[in-house]
Each structure stands twice: as structure tokens, then as C-alpha cells.
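What's counted below: heavy atoms across the whole structure, side chains too, no hydrogens, waters or symmetry copies. Model, not experiment: these values are computed from the prediction.
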Amino acid sequence: MTATTPLYDTYMRAPLRFERGEGVWLIAEDGSRYLDFAAGVAVNSLGHAHPHLVEALKAQAEKVWHLSNLYEVPGQESLGRRLTAVTFADRVFFTNSGAEALECAIKTARRYHYAKGNPEKFHVITFEGAFHGRTIATIAAGGQQKYIEGFGPKAPGFYQVPFGDIAAVKDAITDETAAILIEPIQGEGGIRPVTKEFMQELRALCDEFGLLLILDEVQSGVGRTGKLFAYEWAGIRPDIMAVAKGIGGGFPLGACLATEEAAAGMVAGTHGSTYGGNPLAMAVGNAVLDVILADGFLEHVRDVSLVFRQGLASLKDRFPDVIEDIRGDGLMLGIKVKGPSTDLLKAIRAEKLLAVPAGENVLRLLPPLTVTAEEAREGLARIERAAEAVRSASGTAAA
């Protein structure tokens, strides 16, 4: 039997085809305009076709695309210095994706203990509901059976504990524990934020037991929560952090950041990447930081997120039969749906608004960070109409 498509059947794609984008809008082949509050799953941090990013990519494309890491890449030095100047980190390793950044983070933590003469310390404590990528190691780190099933034995060295349970974390620490890995806000897991107090307690445990604290800020980082990175809200400093998605503004780019001490074991030959840190990615990454770090930008994110969050809270009050809860921080927000989330997602798409499904029956709202208050209100209006449609279809009404 001949397949109808040459592609793997690994995605459940919506029947939508987009040919161009403008800011927070995507334009389909038939000319329909969609308000994009998915942003490529928090990737298009500055929207579509941002002129500064487009110009940076075009200028670099006329020079050199790829060199490999056999040679010095000036863009890596520039972006690396800028990232370390505004974070806890002293060292950066550039990758092409979030999963690769997490692989580097895990290897960095294990190598740290190995270099200190403790090769038995390679176990990483992670949390139920986590998502860290789809490589063999990162599906083991996430621990969700639906991603592990059918791919052979789970990679050893990862131990999941209940989300938010500090006593369980402490009980899980053994002489083989190397690190604790956590997302400040679980994305795929249903927009579940970690409290500031819990982050502080994790930092204290790592200090007490000589462990490394690894943060997965692939989705929550680069301004998404209203600060450059979400860990800043808790007033703590990790040892290692994985970054991707928004840092490239749509161009494949990731990074593993670490302190000098944590990265000490990663000497020449211990890790590498053919494409990681290529000149095109570095040009775009530097252009993204130009915008994100500009005066007033993160304040804008915080201001618009307040408008958006208040509007969603109002919708929850008016549609308690449709919306159970509103979650998240900044412009990383989620609607926990009362009925099947697919019903609300379908209704939202009918209103030409794009959102992203997540765990725990949640729809993620991840608009570009350039979204205006007016555009946020337009999105709220479309969500309201979608909620009305779901209510009408189910025959329910507010109490």
C-alpha cells in the first residue's frame, strides 16, 4: 500500500498551511489571517519576519553559512559574552535545539563529578510531568511512559519524584546523585510553575549535598516570564541551564550555560557539535538579544502579560463551565479546560487564533513577546467567542 505522504506519521498536524507571517499574525495560503498565540511553541519570541532578525540573517547569509567548530566563530564569542554578562554563567556551549542543550547539561553535570574523582555520581533527580526532549536520555529524564514506550530499556541514571515535593527530593538523594533537573515552569506538563520557595529549597539541598542544580529554561527563558530567565524570580543561581526556543527567534539555536566550576570537566574532546554555533544561528541569536535586552522590552512583556492574565481571569469567572483555571507567568500562560481541551482548541482555531495543547487538559497561550496590549485584547475576544461556542455546543450554562 502506497503512503499518501512520504513523511513519518509522527505528528497529528492541523490542516493549516501558512505561507508568511507578519508580527503576531500568520497568513494561510487562502489568505486567512490567524492570530498566532502559539509562536511555534514559544519559539518565535519576536514574532514573524521581525525586520532586525531578517536583516541579520540576510547579512550573514551573504558572508558564510557554516564553518564547523574546527575554527573560531566570532559570533559565538560575541553571543557567549553577552549571555554570560547577563546570567549566572561563565561558560556557554551552543547547540541546535533544546534537547541537545539538555544532553549537554546532563553530560556537564556527570562529567563534573567524574573529574572530581566521583564517577559513581551520575544519577539525576527529575520531576513527574517533566518534559526535557525526545532523545533517549531526555525521554528518560522526563520519565513519561508515553514517550519511553517502544524505544528499549529506559536510559539509567534518572529518578523521578512528585512535582513540588521537597521531602521526596531529599529522600531520593543518595551517594550516586549528581544533580537535580527542573523546569521553572513545566510547559508540556501543563503550565505548572514551581514556587519561589521550592526553587530556593532545591538550591539549598544542592549546596548541602554537593549536587548541581540544572534548570531547563528551554520554554520559560529569554523573556517569556517577564525577566530574561525565570530563575531570576526566585533570586537563586543555578549551576547549569539549558536554553533554546526563544533565543533563536525562529532559527534553530540552543545553548547550555554553566558556571566555571560546573563546566570544569568539559575539556577538549569531551563534547562537540557539527552545526552548533554556526554563523547563521549566531547572527540571529545576537539580533534577538539586541531586542530583548533593549531598555523597556521586558517591562513591556510584564505590562502586556498583566492585561492578558487579568482578561483570562475574567473569562474564567464568566465561563466556569468551560474554564477551570488559569496558570502560568508572564506570556507563558495556560487555560485548564473543564471538558475536553480539544473542544476549546477547535473552537479557538475556528476564531482564527492559534494555541498549543499541553498535559493536564491545558491549552498553552505563548504569544510573541512583541504582542501589544491591543493584540492581547483581540486574542481575549476570540477566546471569549470560542468559550461561548463550547458552552452552546455542550448545552451548559454558568451557575
Side-chain angles (χ1 to χ4, degrees), residues 88 102 105-106 108-110 112-113 116 118-133 137-148 154-221 225 227 229-242 258-259 261-262 324-329 332 334 336 358-362:
F88 71 95
L102 262 300
I106 293 163
T108 298
R110 289 179 170 182
Y112 165 81
H113 291 288
K116 282 184 164 291
N118 301 304
E120 76 283 357
K121 297 177 75 68
F122 68 93
H123 286 208
V124 179
I125 297 172
T126 63
F127 294 85
E128 293 174 0
F131 181 84
H132 298 297
T138 54
I139 59 174
Q144 296 192 49
Q145 191 57 36
K146 64 181 179 180
Y147 298 124
I148 295 172
K154 176 184 171 184
F158 299 96
Y159 185 81
Q160 285 78 37
V161 298
F163 180 79
D165 189 337
I166 196 68
V169 177
K170 191 166 185 176
D171 288 345
I173 296 172
T174 71
D175 291 340
E176 296 181 324
T177 305
I180 298 172
L181 167 60
I182 192 168
E183 301 159 273
I185 303 177
Q186 286 191 346
E188 298 286 337
I191 307 295
R192 299 201 295 173
V194 177
T195 66
K196 291 190 293 185
E197 293 75 19
F198 190 74
M199 291 288 283
Q200 292 162 359
E201 289 172 325
L202 290 181
R203 178 69 270 175
L205 278 180
C206 287
D207 292 341
E208 180 182 352
F209 290 95
L211 313 179
L212 298 180
L213 179 59
I214 308 173
L215 296 187
D216 177 345
E217 289 237 29
V218 168
Q219 194 163 147
S220 62
T225 66
K227 287 191 180 287
F229 291 102
Y231 75 82
E232 297 175 50
W233 290 107
I236 58 101
R237 294 166 63 86
D239 300 293
I240 305 171
M241 180 171 69
T259 64
E261 181 180 3
E324 182 176 325
D325 193 21
I326 303 299
R327 300 174 169 182
D329 291 309
M332 186 175 178
K336 183 168 175 59
E360 293 205 329
N361 211 41
V362 168

I'd like to know if the side chain of [X] reaches the main chain of [Y], judged simply by a donor and an acceptor atom lying under 3.5 Å from each other, with no hydrogens or angles considered.
{"X": "Arg203", "Y": "Ile236", "result": "no"}
{"X": "Asp239", "Y": "Leu213", "result": "yes"}
{"X": "Gln186", "Y": "Glu128", "result": "yes"}
{"X": "Gln144", "Y": "Ala130", "result": "yes"}
{"X": "Lys121", "Y": "Thr177", "result": "yes"}
{"X": "His113", "Y": "Asn118", "result": "no"}
{"X": "Glu183", "Y": "Leu215", "result": "no"}
{"X": "Thr138", "Y": "Ala141", "result": "no"}

Which heavy atom in [X] sits nearest to a heavy atom in [Y], and how many Å separate them?
{"X": "Val169", "Y": "Ile125", "value": "O-CD1, 3.9 Å"}
{"X": "Ile191", "Y": "Pro193", "value": "O-CD, 3.4 Å"}
{"X": "Gly133", "Y": "Ile139", "value": "O-CG2, 3.5 Å"}

Under a 4.5 Å cut-off applied to non-hydrogen side-chain atoms, are [X] and [Y] in contact?
{"X": "Ile185", "Y": "Gln219", "answer": "no"}
{"X": "Tyr112", "Y": "Glu261", "answer": "yes"}
{"X": "Asp216", "Y": "Ile182", "answer": "no"}
{"X": "Ile180", "Y": "Ile214", "answer": "no"}

Original post:
Nearest 0.5 Å, what's the CG-CD distance between Leu181 and Gln160?
Top reply: 10.0 Å

Subject >> Tyr231 OH to Leu202 CG distance, which is reported to the nearest 0.5 Å >> reply: 16.0 Å

Subject >> Over-ring placement of Arg192 relative to Phe163, 6.0 Å and 45° cut-offs >> reply: yes

Original post:
Taking the six-membered ring of Trp233 as reference, does the NZ or CZ atom of Lys196 fall below 6.0 Å from its centre and within a 45° cone about the axis?
Top reply: no

Original post:
Within a radius of less than 6.0 Å around CZ of Phe198, do more than 12 heavy atoms belonging to other residues, nucleotides or ligands occur?
Top reply: yes

Original post:
Counting only heavy atoms not in Asp171, do more than 12 fall under 6.0 Å of its CG?
Top reply: yes

Original post:
Is there a ring-ring contact (aromatic ring centres under 6.0 Å, His included) between Phe229 and Phe88 once you walk through the steps?
Top reply: CA-CA 10 Å; Phe229 291 102; Phe88 71 95; 8.3 Å; no

Original post:
Thinking salt bridges, do Arg327 and Glu360 make one under a 4.0 Å N-O criterion?
Top reply: yes

